[in-house]
Amino acid sequence: MHTTDDILRAAAAWVWFPRDSEQQNDELQLVRYPARFGGGVRASQVDSTADAAAVVDHAIARTRAWGESRLTVWVSPSDSPDLEHELLRRGAELFDTVTVFASPIESIEIDIPVGGSAEVVRSIEQVREVDAINVAVWAQAPFDEEGLRTEFSDISTALAAGTGLRVLGRIDGEPVSTGGCTIVDGFTRLWGAATLEHARGRGAYRAVLAERLRASAELGARTALVKGRISTSAPILARAGFRNYGDERGYRLAV
């Protein structure tokens, strides 16, 4: 059984490195996102003996050196030092808040409505359907044919190794929702959930969530960890039995 400290450490250690991204971990974790995801630099995991102003200055300098003009900073209770006040002083915009949720997989109960279904992605055609959902929801560039093949290869490799998977959700057979997960140290990190706007509120997210949990348990995960947006998935996760472990907030700063 994972303890509260285990969960908080796992949440703080969670960072995403998109394919073709660049990264630097000095004072804090910085990731330069590729153009397909809109570019810019994302910062998190502050761990520095410098003061908040110096850490923000460092992040801005690295962002400019990469030729980027937008810095996104996610702050969490585990940061040292806390950057939130310094970001607000510099005029940063709060654009999102997520709640860190976790639960033993066996304790989660999810009601899936009639017509809702979900499946583990195992074909390039499913990858194509997932990409269409992500493009619509996240306003990102679509994969070309080579990109689809590369994405399919990555998904297949992770599934075969038991380190992660991607799920596609349907309502009455129509592909409308997706989400992924990564297995790390007995946790399944649930990420990338997206549902087409016209299908929201009909149970597609719940179907995708349930399938990710089922498949993750088969791969040996014991605890589900997810960061749910307070405006969308957080209420669903709370109703399913996930416990709240605090919030993380995202700020945007033009540099």
Side-chain angles (χ1 to χ4, degrees), residues 1-18 21 23-31 33 37 41-48 52 55 59 71-85 87 92 94-108 110 158 162-167 179-194 205 208-210 212-213 215-217 219-252:
M1 174 71 80
H2 289 111
T3 67
T4 295
D5 285 344
D6 292 334
I7 290 166
L8 294 176
R9 281 194 296 269
W14 184 352
V15 63
W16 182 46
F17 301 102
S21 63
Q23 68 94 16
Q24 181 189 80
N25 193 342
D26 180 15
E27 313 290 350
L28 74 174
Q29 178 67 64
L30 297 169
V31 183
Y33 275 40
F37 297 104
V41 175
R42 174 169 169 158
S44 61
Q45 298 182 345
V46 183
D47 184 12
S48 175
V55 174
L71 173 64
T72 299
V73 183
W74 280 92
V75 300
S76 82
S78 63
D79 289 343
S80 178
D82 180 6
L83 302 186
E84 195 158 20
H85 177 75
L87 291 167
L94 173 65
F95 72 93
D96 204 0
T97 302
V98 298
T99 297
V100 177
F101 286 105
S103 174
I105 293 176
E106 63 184 15
S107 301
I108 303 169
I110 302 171
T163 58
L165 54 95
R166 167 70 76 164
V167 166
C181 57
T182 303
I183 314 298
V184 181
D185 296 331
F187 286 94
T188 180
R189 297 173 175 174
L190 307 176
W191 48 261
Y205 173 83
V208 168
L209 176 60
R212 285 187 289 173
L213 295 175
S216 294
L219 296 177
R222 306 184 306 279
T223 302
L225 180 65
V226 57
K227 299 181 180 182
R229 299 178 71 181
I230 59 171
S231 59
T232 54
S233 60
I236 299 171
L237 294 163
R239 287 195 296 270
F242 281 82
R243 179 181 168 188
N244 184 328
Y245 285 86
D247 291 342
E248 296 182 0
R249 288 175 292 282
Y251 288 89
R252 290 195 182 109

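Taking OG1 from Thr99 and CZ from Arg229, the interatomic distance works out to 12.0 Å, rounded to the nearest 0.5 Å. Put simply, CG on Leu165 and CD1 on Ile183 are 6.0 Å apart, with the number rounded to the nearest 0.5 Å. Here the SG atom belonging to Cys181 is positioned 14.5 Å from the CZ atom belonging to Phe187, to the nearest 0.5 angstrom. To the nearest 0.5 Å, atom CZ of residue Phe17 and atom CZ of residue Arg42 are 10.5 Å apart. Distance check, rounded to the nearest 0.5 Å: CD1 of Ile110 to CG of Leu209 gives 3.5 Å. In this structure, the separation between CZ on Phe101 and CG on Leu225 is 11.5 Å, given to the nearest 0.5 Å.
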request  = May I have the step-by-step check of side-chain contact (heavy atoms from CB on, under 4.5 Å) for Leu28 and Gln45, ending in yes or no?
outcome  = CA-CA 5 Å; Leu28 74 174; Gln45 298 182 345; 5.9 Å; no

request  = Report the C-alpha separation of Leu87 and Glu84 in whole Å, then their side-chain angles, then the decisive distance to 0.1 Å, and conclude whether the side-chain contact (heavy atoms from CB on, under 4.5 Å) test is met.
outcome  = CA-CA 5 Å; Leu87 291 167; Glu84 195 158 20; 5.5 Å; no

task = Report the C-alpha distance between Val75 and Tyr251 in whole Å, list the side-chain angles of each, state the deciding distance to 0.1 Å, and finish with yes or no for side-chain contact (heavy atoms from CB on, under 4.5 Å).
result = CA-CA 8 Å; Val75 300; Tyr251 288 89; 4.0 Å; yes

query = Please walk me through it: do Leu213 and Leu190 pass side-chain contact (heavy atoms from CB on, under 4.5 Å)?
reply = CA-CA 9 Å; Leu213 295 175; Leu190 307 176; 4.1 Å; yes

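Side-chain N or O atoms of Asn244 include one that pairs as donor or acceptor with a backbone N or O of Gly246 at under 3.5 Å. A donor-acceptor pair under 3.5 Å links the side-chain atoms of Arg212 to the main chain of Gly180, judged by distance alone.
Remark: Asp185 pairs with no residue by the salt bridge (Lys or Arg N to Asp or Glu O under 4.0 Å) rule, at least two apart or across chains. Looking at residues two or more places apart in sequence or on another chain, you find no salt bridge (Lys or Arg N to Asp or Glu O under 4.0 Å) involving Arg243.
In this structure, the side chains of Pro18 and Val31 come closer than 4.5 Å at one or more pairs of heavy atoms.
For Glu106, the CD atom counts as loosely surrounded, since its 6.0 Å shell holds 12 or fewer non-hydrogen atoms of other residues, nucleotides or ligands.
With Ser216 as the fixed residue, the side chain to side chain donor-acceptor pair (under 3.5 Å) test singles out one of Thr188, Thr182, Thr223: Thr188.
Side chain to side chain, Asp47 and Ser80 fail the donor-acceptor criterion of an N or O pair below 3.5 Å. Side chains of Ser76 and Glu248: a donor-acceptor N/O pair is absent below 3.5 angstrom, by distance only.
Of all heavy-atom pairs spanning Pro81 and Ala52, the tightest one is CG-N, 3.8 Å. In plain terms, the two heavy atoms of Asn25 and Gln29 that are nearest each other are ND2-OE1, 3.1 Å. Smallest separation of non-hydrogen atoms from Gly241 and Ser103: O-OG, 3.9 Å. Between Val15 and Ser44 the shortest heavy-atom distance is CG2-OG, 4.0 Å. In this structure, Ile108 and Ala224 approach most closely via the heavy-atom pair CD1-CB, 4.2 Å. Of all heavy-atom pairs between Val73 and Leu71, the closest is CG2-CG, 3.8 Å.
Ring planes of Phe95 and Trp74: perpendicular class, angle over 60° (limits at 30 and 60°).
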